[in-house]
Amino acid sequence: MKTGLTLFALISLIISGCQPQKSSIKPGEVWEDDNGLFINAHGGGVLYHDGTYYLYGEMKEGETYLPECNKSWGGTRVDVTGVSCYSSNDLFNWKYEGVVLPAVEDDPSHDLYKGNVLERPKVIYNAKTNKFVMWMHVDSKDYSKAAAGVAVSNFPTGPFEYIESFRPNAGVWPVNAAEADTTEGILARDFEGGQMARDMTIFVDDDEKAYQFYSSENNATMHISELTDDYLRPTGKYKRVFPGRKMEAPAVFKKEGRYYFIASGCTAWEPNPARSAVAESIWGPWEELGNPCIGEGAEKTFTSQSTYVLPVQGKSDAFIFMADRWNKDDLPDSRYIWLPIKFDESGKIVLEWHDEWDLSVFDK
Ligand code: GAL
């Protein structure tokens with residue numbers, strides 16, 4: 001007869017029961033999960049669903065190496081392991097839910113082959129189809145593929161089924177294409193095959209319309225691209241924003257009807273001054289608000305790069321800036337920088353360093 005609990009499950013239960021409960025966020029320190037293991041979810045995003053927060057990110061394991069093809073720009077990497085998931089009810093204590101989209105070990109022709117690139121996964125829930133939809137940046141080792149990947153699941157904790165990758169918006173011009181854009185430049189070059197899509201995020205608006213923001217045109221210009229009602233494809237309506245501003249690591253949120261945007265500059269794993277912007281409509285016009293960071297470390301975004309903005313449930317206008325402190329020589333040891341977002345009198349985003357903080361900062 002089988003017993004209900006395997007020995008492994010029993011040991012995990014005992015270990016997790018022994019973990020001290022956390023009640024604060026300590027940016028840059030080692031964050032442990034319910035098993036006492038380092039939380040491994042880089043370039044991540046958070047979904048809130050039915051009373052639980054789900055954190056998804058790049059699981060980075062193994063040796064960090066610099067492939068020959070990336071030597072000129074210092075593009076170190078680890079082999080892809082997959083997308084990890086953690087759940088929490090309080091944003092401090094995280095339960096490991098496993099690798100919800102694993103890498104493919106043995107098929108070099110597969111998008112998710114461990115020698116390729118899988119970055120910045122973001123999961124959204126589609127109420128019409130009752131599916132959880134994951135978007136991610138899928139690339140070749142040398143980052144020349146520059147594509148968006150999509151996977152789906154019936155559950156927030158997976159398993160996710162990988163559907164496909166593509167370059168968005170093949171054969172369509174953006175709503176604001178200038179005459180010159182249609183004859184010369186990268187937008188025109190990629191018109192037929194689809195637009196380059198590297199760093200990305202997904203934003204779901206109050207009316208449940210979803211949008212992909214992606215660094216396009218070889219990272220020179222951001223595109224905002226509307227998704228179909230099932231969230232699986234672009235509709236073909238898209239816009240070029242921040243032309244030539246070389247922004248990466250986009251994060252988007254909405255406060256009191258206004259859309260806010262945070263991103264980084266384009267310096268690979270090295271930190272740079274963050275960017276921010278605001279708009280009355282998702283389609284713009286977007287007004288740049290400059291580097292939102294103040295105080296010591298502001299010029300390097302406190303040695304980090306944005307990845308997501310997390311709306312805190314049950315509090316009004318409470319948002320957490322999520323960022324990665326990359327360690328380019330030992331990528332699995334990259335840390336997490338989460339900071340509360342403040343707004344000044346003029347409505348600009350303000351980010352300040354905190355060694356340790358909790359959600360009571362939003363009550364002030
Ligand atoms: C960064 C980008 C990361 C990763 C890295 C590779 O600029 O934001 O997601 O692609 O470059 O060096």
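Order of appearance sets the numbers: ligands from 1, and atoms from 1 within every ligand.
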Partner residues of Phe321 under the ring-ring contact (aromatic ring centres under 6.0 Å, His included) criterion, sequence neighbours left out: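 For Phe321, no residue satisfies ring-ring contact (aromatic ring centres under 6.0 Å, His included) once neighbours in sequence are set aside.
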Polar contact flag, side-chain donor to acceptor under 3.5 angstrom, Thr76-Trp269: yes
Atom [atom1] of residue position [X] - does it have more than 12 heavy atoms of other residues, nucleotides or ligands inside 6.0 Å?
X: Lys342; atom1: NZ; answer: no
X: Lys22; atom1: NZ; answer: yes
X: Phe155; atom1: CZ; answer: no

Residue portion contacting ligand 1 (non-hydrogen atoms closer than 4.0 Å) for Lys328: neither
Within-cut-off N or O pair, Gln305 and ligand 1, under 3.5 Å: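 For ligand 1, there is an N or O atom that lies under 3.5 Å from one belonging to Gln305.
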Minimum-distance pair of heavy atoms, taken over all atoms of Gly98 and Tyr96: CA-CZ, 3.3 Å
Closest approach of any protein heavy atom to atom 10 (O) of ligand 1, naming residue and atom: Glu119 OE1, 2.7 Å
Shortest protein heavy-atom distance from atom 7 (O) of ligand 1, along with the residue and atom involved: Glu248 OE1, 2.4 Å
Trp326 to ligand 1, any heavy atom closer than 4.0 Å: no
Closest to atom 8 (O) of ligand 1 among Asp199, Asn70, Leu331 (heavy-atom distance):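 Minimum heavy-atom distance to atom 8 (O) of ligand 1 goes to Asp199.
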Selection from Met200, Arg120, Glu270 by shortest heavy-atom distance to atom 3 (C) of ligand 1: Arg120
Under 4.5 Å side-chain linkage, directly or through intermediates, the cluster mates of Tyr143: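 Members alongside Tyr143: Trp73, Val117.
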For Ala268, the ligand 1 atoms whose distance to one of its heavy atoms is below 4.0 Å: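 Those atoms are 1 (C), 7 (O), 11 (O), 12 (O).
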Atom indices of ligand 1, in the order listed, that fall short of 4.0 Å to a heavy atom of Trp73: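 The list of qualifying atoms is 6 (C), 12 (O).
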